[in-house]
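Structure, as C-alpha cells:
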Amino acid sequence: MQEITRRRLLWTVPFAGAAIAGGGFLSMLTGLKKGNFDPHEIKTPILNRPIPDFTLPNQPPSTGFDQTMLKQQNQPILINFFASWCIPCLSEMGVLQQLSSHLKIWGIAYKDKSQNIEGFLQRNGNPYQHIGQDSEGNVGIEWGISGVPESFLIMPGGIIKWHYPKPLTATSTQYLLSLLS
Amino acid sequence: MLSPEFGHFTLALACCLAGAQCLIPLMGAKLRNIRLMALASPLAWGQFIALATAFACLITAAVTDDFSVQNILQNSAIDKPLLYKITGVWGNHEGSILLWALILALFGTIISTFSQHLPTSLRSKVIAIMGGSATGFELFCLITSNPFVRSWPAPLDGQGMNPLLQDPGLAFHPPILYMGYVGFAVPFAFAVAALLEGRVDAAWGRWVRPWTVLAWALLTCGIALGSWWSYYVLGWGGYWFWDPVENASLLPWLTGTALLHSALVVEKREALKVWTILLAIGTFSLSLSGTFLVRSGILNSVHAFASDPTRGVFILLLLAVISGGALLLFAWRAPTLTQTGIFGFFSREGSIVLNNILLCTMAAVVLTGTLYPPFIQLLNGQTLSVGKPFFDSALIPIALLLFFVMAIGPVLAFKKGNFKQIWSTLRFPALGSILVTFAAFIYLRQILPALATGASLWIILSAIADYIKRLSLFKTTLINSFHRMTGLPRSFYATYIAHIGVAITVLGIVGMAASQQKIVEIPINTTIHLAGYDWTLTDIQDRQGPNFVATEATIQISKNGKPITWMFPARRYFERQKQVVTDVSIHTNLLSDLYVVLGDSKNSDKPQPLFVLRLHYNPLAPWIWIGGFIMAIGGFITLTDRRFRVGAPALRKKQLPKA
C-alpha cells in the first residue's frame with residue numbers, strides 16, 4: 001500500500017506541472033486582453049540612464065573601448081551596432097559617412113568575424129573612430145538591442161540620450177543633429 | 001450545392017456526429033452493449049464525410065472567388081493563381097483548423113477500418129476518444145473560427161494572400177505537418193483507452209506502435225519540408241531559427257521519437273508500460289499546445305496567424321479538457337498498472353531507457369527555452385529572447401551522447417547484452433570514427449563540429465558493421481549471405497535506415513556550419529570570387545508575373561574558367577500587398593548549394609546602378625533535408641512489416657505444456 005501511495009504521488013507530478021503551465025497561460029491571455037502583456041514589445045530599459053558596464057576588444061583597423069573611456073568624453077558620441085552580414089547596415093554606411101563629419105561615431109561589430117568586418121570597412125569606407133568587437137553578442141544584450149543596425153547617442157558623462165533601432169536615414173540624422181545643437 | 005451555408009451546416013453536423021462518436025461507444029462499453037459499441041465505426045465515417053463536405057465547400061468558395069465569404073475575402077484575390085487559391089484555404093487560421101479537424105476525422109476512419117482485430121471494448125474506446133478530441137476542434141471551429149462567415153456587401157475583389165505563402169512548398173508543408181501532429185492523437189487515444197481498461201500488455205504495444213511510427217514519419221517529413229521552405233523562401237540562408245513555432249513542432253517530434261522506442265520495449269518485453277502511456281499523452285499534449293502557442297499570440301514568432309486572446313482561451317480550455325483530463329486519469333489509474341519485464345542496464349531496453357532520458361531532456365531544454373521569455377515577462381515584466389546560443393550550448397552535448405548510444409543500441413541484445421560480442425562488432429567503427437573526428441578537427445579547427453562529424457560516422461559505420469556481421473559476409477559463401485539478407489526482418493532495415501538518416505542530417509548541419517558567404521554591392525558585369533567559384537552578374541531585367549512584377553538578375557557561375565550554370569535570383573514586387581519578396585536562386589549538386597539572394601539596388605537613376613547581392617556557398621546543405629526524408633522512409637518501411645500490415649500477432653512457437 002505504501003508503495004502504491006508513493007507511485008500515486010509521483011504520477012500526479014505531470015498533472016500538477018501541466019496545471020501550473022495552464023494557469024500561467026491563462027494569466028498571459030487575460031493580460032493580452034487587458035493590454036498589460038505584450039510579447040512583441042521591445043523595451044529599451046536604459047534610455048536616459050547611464051550606459052551599462054562593458055569592455056570591447058580591438059576590432060582592426062581600429063581600437064576597442066570600454067564604459068570609462070566612453071564616459072570620459074567631453075562631447076556626444078554616437079554608438080552604432082553593425083555587422084558585415086546585415087544588408088541594412090550596408091545601406092546605412094553612406095549616411096554614417098556624412099554624419100561622421102559632424103559627430104564622432106564609435107562602432108560595435110556585432111556577432112561577426114574580425115576579417116569579415118575588415119573587408120566590409122575596406123569596401124564601404126570606415127566612419128568609425130573606435131571599433132569594438134562583440135563577437136558573442138553579449139554587449140548587445142547589455143545594451144538591449146534587438147537587431148542590427150541600432151544607434152545610441154551618448155552624452156558626456158555616459159547618459160543615453162537617444163536610441164534608434166533602425167538604419168539611420170536623412171530624416172533621422174537631421175533630428176539627431178538637432179538634439180546636439 | 002456546395003454553398004458556404006451548406007459547409008456551415010455540414011461542419012455543425014460533423015460536430016454532432018463526433019459528439020455521438022465519443023459518447024455512444026463509451027456508454028456501450030460501460031453497459032457492455034455490443035450494438036452501441038459497434039456504432040463507433042459508422043459514426044466515425046459519418047463525421048469524416050460531413051467534414052470532408054464542409055472542406056469541399058470552402059475550397060469551392062475559394063476557387064469560385066466568392067468574396068462574400070469573409071475568409072476568402074481576407075486571404076484571396078481574383079488574380080491569385082489557381083494552385084494558391086486551393087492551398088490558400090489552409091494558409092490562414094480558420095481554414096487550417098478545419099484541415100486539422102478533417103485530418104483528425106480521417107485518422108478516426110482509418111482506425112475503424114484497420115482495427116477490426118482489436119478487442120471490441122478497446123477499439124470502441126479508442127474511436128470514442130478520437131471522436132471526443134474531434135468534437136473539441138469542431139466546436140472551436142464553429143464558435144471562434146468559423147471559416148464560412150459571410151461579409152456583406154461583398155466587394156469585387158479580395159485582399160490577397162501574403163506573398164511569402166504563395167509557394168508550392170506551402171501546398172504540402174502544413175497538411176503533412178498536421179497529419180504528423182494529429183497522428184499522435186491515435187497513440188493518445190490508445191493510451192487513454194488502456195487507462196480506462198486498466199490493462200497494458202505486449203499486444204497493446206504492438207497495436208500502438210504502427211500509429212506512432214506513422215505519425216512520427218509524417219511529422220519528420222513536415223518539419224523537414226518546413227525547414228526547407230524557410231531555407232529557400234525566406235532567403236536568410238538559414239534552415240532553423242529556433243523560432244517558437246519551429247520549437248513547437250520539434251517538441252512532439254522529440255517525445256514522439258522517445259515514444260516510438262519505448263513502445264518497442266512494451267511490445268517485446270512488457271516493460272516501461274506506465275512511462276510509455278505518459279509519453280503518448282505528453283506527445284499529443286505537446287502537439288496541441290503547439291497549436292495553442294501559435295494561435296493565441298502569447299509568443300513572439302514569425303508565424304503570425306491573426307492571433308486573438310479569445311481563441312487562445314478556447315484552445316486552453318480544450319487543452320485543459322483533453323490533456324488535463326488524460327493526465328488526471330493517468331494520475332488515478334497508472335499506479336495500478338504493473339511492470340512485468342525485467343532487464344539489465346547493458347541491454348537493448350537499457351539503451352532505449354537512456355535514449356528516452358536523453359530525448360526527454362532535449363525536449364525539456366527546448367520547452368524551457370521557448371516558454372522562458374513569456375513566463376519571465378509574466379512574472380517580472382522583463383522582455384528578453386532566448387536564441388541559438390542557449391539552444392546550441394544546451395542541446396549539442398546531449399545530442400552527441402544520444403548519437404553515441406544510438407549506434408550501440410540496435411547491436412545490443414534484449415534483456416542482457418554481451419559486452420565482448422558488441423566490442424568485436426563495433427571496434428572497427430569505433431576506430432574509424434575516432435580517426436575521422438581527429439581529421440575533422442584538424443580541418444575544421446572547432447571541437448563540436450568535429451565531434452558531430454565523428455558521431456555521424458560512428459552511426460553509419462556501426463550500422464554497416466552490424467549488417468556485415470548479420471550477413472556473415474566474407475565468413476561464409478555469398479549465396480549463404482544472400483539468403484541471410486533476404487531473411488533479415490524489415491524492422492532491421494528500418495531501424496538502420498532511420499538512424500543513418502539522422503547521421504546524414506547531422507552531417508548536413510555540420511557542413512552548413514562551414515558555409516561561406518559574402519555580401520557585395522556591384523554594378524553589372526562584375527565578377528566576385530567566393531569558395532572557388534566565379535560569380536558574374538551579367539544582366540538585370542524586369543519581368544511581369546501573374547500577380548507581381550519581378551526584377552531578375554542573371555548570374556553566371558564558373559569554376560576555373562569553365563561555365564557551370566546560370567542563376568536567376570529575383571525580387572518580386574506584389575502590387576496588391578505593396579510587399580517585396582525575394583526569390584532565392586539555388587544551384588545544387590547534392591554535395592553543396594550555391595545560393596544567391598538579390599537585394600536592393602542603389603543609385604538606380606545614375607548611369608551605373610549598383611546591386612546588392614548576397615552569395616552563399618553551403619557545403620552539404622541538402623543533406624539536412626535528405627536525412628529527414630531518409631528517417632521518414634525508415635519509418636514507412638516499418639509500417640510494411642507483415643505483423644503491422646495484417647495486424648496478425650507475431651508468429652511464435654507453440655508454448656510447451658508445463659512438465
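Basis for what follows: all heavy atoms, side chains included, without hydrogens, waters or symmetry-related copies. The chains referred to below are lettered A, B, ... by the order of the sequence lines, with proteins before strands, and numbering in each begins at 1.
Contact of L379(B) with chain A is not made at all, since no heavy-atom distance falls under 4.5 Å. When heavy atoms are compared at a cutoff of 4.5 Å, L293(B) approaches chain A solely by way of its side chain, counted from C-beta outward. When heavy atoms are compared at a cutoff of 4.5 Å, L328(B) approaches chain A by way of both its backbone and its side chain. Contact annotation for N116(A): neither backbone nor side-chain heavy atoms come within less than 4.5 Å of a heavy atom of chain B. Proximity to chain A (any heavy atom under 4.5 Å) is shown, for A320(B), by neither the backbone nor the side chain. For S84(A), the part lying near chain B is the backbone, with the side chain staying farther off; criterion is any non-hydrogen pair under 4.5 Å. Proximity to chain A (any heavy atom under 4.5 Å) is shown, for L317(B), by neither the backbone nor the side chain.
Comparing A18(A), S27(A), A21(A), G137(A) by how many heavy-atom pairs each has under 4.5 Å with chain B, the most go to S27(A).
Relative ring orientation between W106(A) and H130(A) is described as perpendicular, the plane-to-plane angle rising above 60° on a 0-90° scale split at 30° and 60°. Using cut-offs of 30° and 60° for the angle between ring planes, the F65(A) and F54(A) rings count as perpendicular.
For W162(A) and Y164(A), the ring centers sit closer than 6.0 Å to each other. In this structure, F25(A) has its ring center under 6.0 Å from that of F292(B).
Other residues, nucleotides and ligands place more than 12 heavy atoms under 6.0 Å from the CD atom of Q97(A).
A side-chain contact (heavy atoms from CB on, under 4.5 Å) with L537(B) is found for one member of T526(B), I528(B), I522(B), T527(B) and no other, namely I522(B).
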